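Note that the structure is a prediction, hence the values are computed from the model and not measured. For this chain, numbers begin at 1 and follow the sequence in order.
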Amino acid sequence: MSIKLPSRSSLLSIPPKRLPVNRARLMPLAYAGGLLAIGALLLIAKPRVGNVPQPNQMGTLPRRSRWRRAAQKGRDGVQAFAPVNVTDSMGRSLILGGAALLLARVLDEVSGRDGQ
């Protein structure tokens with residue numbers, strides 16, 4: 001029993017008009033995919049390199065001086081905005097940037113060429 005393979009002439013051929021004119025149209029999609037992948041990897045892995053020490057290393061007990069108490073309150077207020085892990089912040093930024101680039105590229109393709 002032999003297997004008969006189709007000949008080259010019987011295979012379907014894609015007309016040249018259907019192929020992308022320029023590969024540069026697809027590069028932003030690959031770049032966005034890379035940003036999304038690296039951002040997700042940073043969020044999942046949480047490397048210890050990105051850990052940031054707490055800013056209240058001098059203690060949390062009340063201070064005697066009025067200026068030092070004001071500085072302590074300011075430190076405690078700003079601490080809420082300080083990142084605990086810098087790689088998490090970078091990962092989120094990369095994911096947002098990749099998603100924005102991907103969305104912009106898809107909307108550009110949907111909008112079509114000039115004059116159409």
Quiz item: To the nearest 0.5 Å, what is the distance between CG (D108) and CG (L103)?
Solution: 11.0 Å

Exercise. For residues A32 and G98, report the shortest heavy-atom separation together with the two atoms involved.
Key: CB-O, 3.5 Å

Quiz item: Is any NZ, NE, NH1 or NH2 atom of the basic residue among K73 and D76 found under 4.0 Å from an Asp or Glu carboxylate oxygen of the other?
Solution: no

Quiz item: Honestly curious: do M27 and I38 fall in one hydrophobic cluster under the side-chain, below-4.5 Å linking rule?
Solution: no

Quiz prompt | Stepwise side chain to side chain contact (heavy atoms under 4.5 Å, CB included) test for V49 and T87 | solution = CA-CA 8 Å; V49 159; T87 55; 5.7 Å; no

Quiz item: Atom NZ of K46 and atom CG of L41: how far apart are they, to the nearest 0.5 Å?
Solution: 12.0 Å

Quiz item: What pair of heavy atoms forms the shortest contact from D88 to L42, and how long is it?
Solution: OD1-O, 4.1 Å

Self-check item: Closest approach of L36 to A99 (non-hydrogen atoms, all atoms of both residues)
Solution: CD2-N, 3.7 Å

Quiz item: With a cut-off of 6.0 Å (strictly less than), are more than 12 heavy atoms of other residues, nucleotides or ligands near CZ of R69?
Solution: yes

Quiz item: Out of curiosity, does L35 fall in the hydrophobic cluster containing V86 (side-chain heavy atoms, cut-off under 4.5 Å, transitive links)?
Solution: yes

